[in-house]
Amino acid sequence: MSSSTFPDIPGQRGFATTQQLLKAGASVSHLQHLVRVGRRPLRTVYSRAPGPWSDADLLLAATLWAGPRSIVTGVHAPHLHGFAQGHDAPPVATLLVPQTCRTRMRAAGYETLRTKRLPRAVMIQDVRAAPIERALADAMRLRQLTDHQLRGICLAALQNRRTTADRVTREIECGRPNADGGMVRAVLDYRRGAWSVPEAQLAAAVREHPTLPAMLLNPRLTTTDDKLIGKPDGFFPDAGVVVQVHSRQFHEGHDEVEGDRWASTVDRDLDYQTYGMVVVPVTPATIRDDLPRFVDRLSAVVRPRLGWQSGGVLVS
């Protein structure tokens, strides 16, 4: 079968299954020829052109191999959703299939997992992926992510409105007891206003510190005429102290008008100082490695300023 007669099936990027090829008129000898010339990436799945193929293409081919209702789950699915980019995907990708399917299948780099709770697939680049909350829960159950990694990715998904706290909670309730600690903490972080794991860790340390007053997470600071000053990571309203968790992970690159995000983030700190506030910067590495010492130093900045008069600064 030549490339000109290979069926062009929408959404399959030049791949076709054995049944689809036979229906299009291919013979067994044609299929054997495709195998010999390197155009069968997976058993029962053939390609219009020989490899190599991209990881994304092979993931799509795997859904054809696993069956028409198969869904990519585990840590490979958050990669498709645009999360977990800093975490290496495991060598074997997992695809959910209905409980009624035959016994678990394995191929080079792919395996199926039967489930009674097959979720509705999310189509991403022609690939059927599990919803982010189900994918993360499966990644934890399959031991593909640590609690810390799970917490960070889940919180990012919540903050980017790719899922909701209720949906994550329902998924937790469907899992094994104590199996989703990272997701539980992410929901608590989100409901307390944290936008990242470092912010949540800092907020917890501030709450436990004996001399620090309450710190607001990501409040909206405006002038009396409703001009936005900013949304700092942390703010002590009784002292006029802003805490900014500066991380290039979230602020590198350029925005939609080609502005430097990192420079813009740092420059924005000056806006707070214009209104009489003090800015205390901190990096995620400091929060991770030297949090108690940083919080003590933060207290030394905040306490002398207690009683600060906000003047034209409003908090909402």
Side-chain angles (χ1 to χ4, degrees), residues 59-60 62-63 66-90 92-101 103-105 110-201 203-204 207 217-218 250:
L59 208 51
L60 186 148
T63 63
R69 296 182 65 192
S70 62
I71 298 172
V72 177
T73 192
V75 75
H76 285 80
H79 274 275
L80 290 171
H81 283 279
F83 299 100
Q85 299 305 315
H87 308 290
D88 292 334
V92 177
T94 302
L95 296 97
L96 296 172
V97 295
Q99 183 71 23
T100 53
C101 286
T103 57
R104 192 173 189 171
M105 299 190 300
Y110 305 94
E111 65 178 3
T112 61
L113 181 65
R114 295 191 301 166
T115 179
K116 295 178 180 178
R117 294 191 306 114
L118 191 70
R120 177 176 295 181
V122 179
M123 293 299 295
I124 305 174
Q125 300 174 8
D126 298 324
V127 177
R128 295 186 299 274
I132 187 69
E133 65 277 0
R134 174 60 182 272
L136 290 175
D138 285 340
M140 184 60 186
R141 294 160 191 153
L142 295 167
R143 301 177 182 267
Q144 295 174 338
L145 291 171
T146 66
D147 267 0
H148 181 76
Q149 293 170 332
L150 189 67
R151 180 184 185 184
I153 299 170
C154 187
L155 183 54
L158 286 164
Q159 289 297 350
N160 283 276
R161 299 184 179 181
R162 301 294 289 275
T163 186
T164 67
D166 287 344
R167 282 163 53 186
V168 174
T169 300
R170 284 196 296 271
E171 188 58 47
I172 292 170
E173 291 171 349
C174 290
R176 298 193 303 270
N178 303 319
D180 303 290
M183 294 177 73
V184 171
R185 285 194 289 274
V187 171
L188 291 175
D189 294 339
Y190 174 74
R191 286 175 170 161
R192 287 169 175 164
W195 286 10
S196 68
V197 172
E199 285 184 26
Q201 293 171 328
R207 286 194 298 270
L217 288 173
N218 300 289
F250 301 106

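Put simply, CD1 on Ile153 and NE2 on His148 are 10.0 Å apart, with the number rounded to the nearest 0.5 Å. Residue Leu80 holds its CG atom at 11.0 Å from CG of Asp126, rounded to the nearest 0.5 Å. Residue Glu133 holds its CD atom at 10.5 Å from CG of Asp138, rounded to the nearest 0.5 Å. If you take CD on Glu111 and CE on Met105, they are separated by 11.0 Å, rounding to the nearest 0.5 Å. Rounding to the nearest 0.5 Å gives a distance of 13.5 Å between OH of Tyr190 and CG of Leu217.
Summarising the geometry of Pro131 relative to Arg167, their closest heavy-atom pair is CB-NH2, 4.5 Å, with the distance given to 0.1 Å. Closest heavy-atom contact between Ala129 and Ile124: CB-CD1, 4.1 Å. Nearest approach of Ala135 to Pro78, heavy atoms of both residues: CB-CD, 3.8 Å. Taking all atoms of both residues into account, the shortest heavy-atom contact from Leu155 to Ser196 is CD2-C, 3.3 Å. Across all non-hydrogen atoms, the minimal contact from Thr63 to Ser70 is O-OG, 2.9 Å. The minimum heavy-atom distance linking Leu59 with Ala93 is given by the pair CD1-CB, 4.0 Å.
The closest side-chain heavy-atom distance from Met140 to Leu145 is not below 4.5 Å. Side-chain contact check for Thr94 versus Gln144: some heavy-atom pair is nearer than 4.5 Å. Annotation: side chain of Leu95 is not in contact with side chain of Leu113 (no heavy-atom distance under 4.5 Å). You'll find the side chain of Arg134 reaches within 4.5 Å of the side chain of Leu96, heavy atoms only. Taking 4.5 Å as the limit, every side-chain heavy atom of Val92 sits out of range of all side-chain heavy atoms of Tyr110. With contacts defined as side-chain heavy-atom distances shorter than 4.5 Å, the pair Arg185/Val197 does not qualify. For the pair Cys154/Val168, a side-chain contact is recorded, criterion being any heavy-atom separation below 4.5 Å from C-beta on.
Atom CZ of Arg117 sits in a crowded spot, with more than 12 heavy atoms from other residues, nucleotides or ligands closer than 6.0 Å. When the shell of 6.0 Å around CZ of Arg69 is examined, it contains 12 or fewer heavy atoms from other residues, nucleotides or ligands.
Among Ile71, Thr115, Thr112, the single residue meeting the side-chain contact (heavy atoms from CB on, under 4.5 Å) criterion with Val97 is Thr112.
A salt bridge does not link Asp147 to Arg151: none of the charged side-chain nitrogens sits closer than 4.0 Å to a carboxylate oxygen. Under the 4.0 Å criterion applied to side-chain N and carboxylate O atoms, Asp189 and Arg192 are not assigned as salt-bridge partners.
Proximity of a side-chain donor or acceptor of Arg114 to a complementary backbone N or O of Thr100 within less than 3.5 Å is not detected.
By the side chain to side chain contact (heavy atoms under 4.5 Å, CB included) test, Arg191 is found to be paired with Ala165, Asp166, Thr169, Val187, residues two or more places apart in sequence or in another chain being considered.
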Residue pair Thr164, Arg170: steps toward the side-chain hydrogen bond (donor to acceptor under 3.5 Å, both in side chains) verdict: CA-CA 10 Å; Thr164 67; Arg170 284 196 296 271; 5.3 Å; no
Is there a side chain to side chain contact (heavy atoms under 4.5 Å, CB included) between Arg128 and Met123? Walk through the geometry before answering. CA-CA 5 Å; Arg128 295 186 299 274; Met123 293 299 295; 3.3 Å; yes
Applying side chain to side chain contact (heavy atoms under 4.5 Å, CB included) to Phe83 and Asn160, what does each step give before you reach the verdict? CA-CA 10 Å; Phe83 299 100; Asn160 283 276; 3.8 Å; yes
May I have the step-by-step check of side chain to side chain contact (heavy atoms under 4.5 Å, CB included) for Ile132 and Val122, ending in yes or no? CA-CA 9 Å; Ile132 187 69; Val122 179; over 6 Å; no
Could you go step by step and tell me if Glu171 and Arg141 meet the salt bridge (charged side-chain N to carboxylate O under 4.0 Å, His left out) rule? CA-CA 12 Å; Glu171 188 58 47; Arg141 294 160 191 153; 3.1 Å; yes
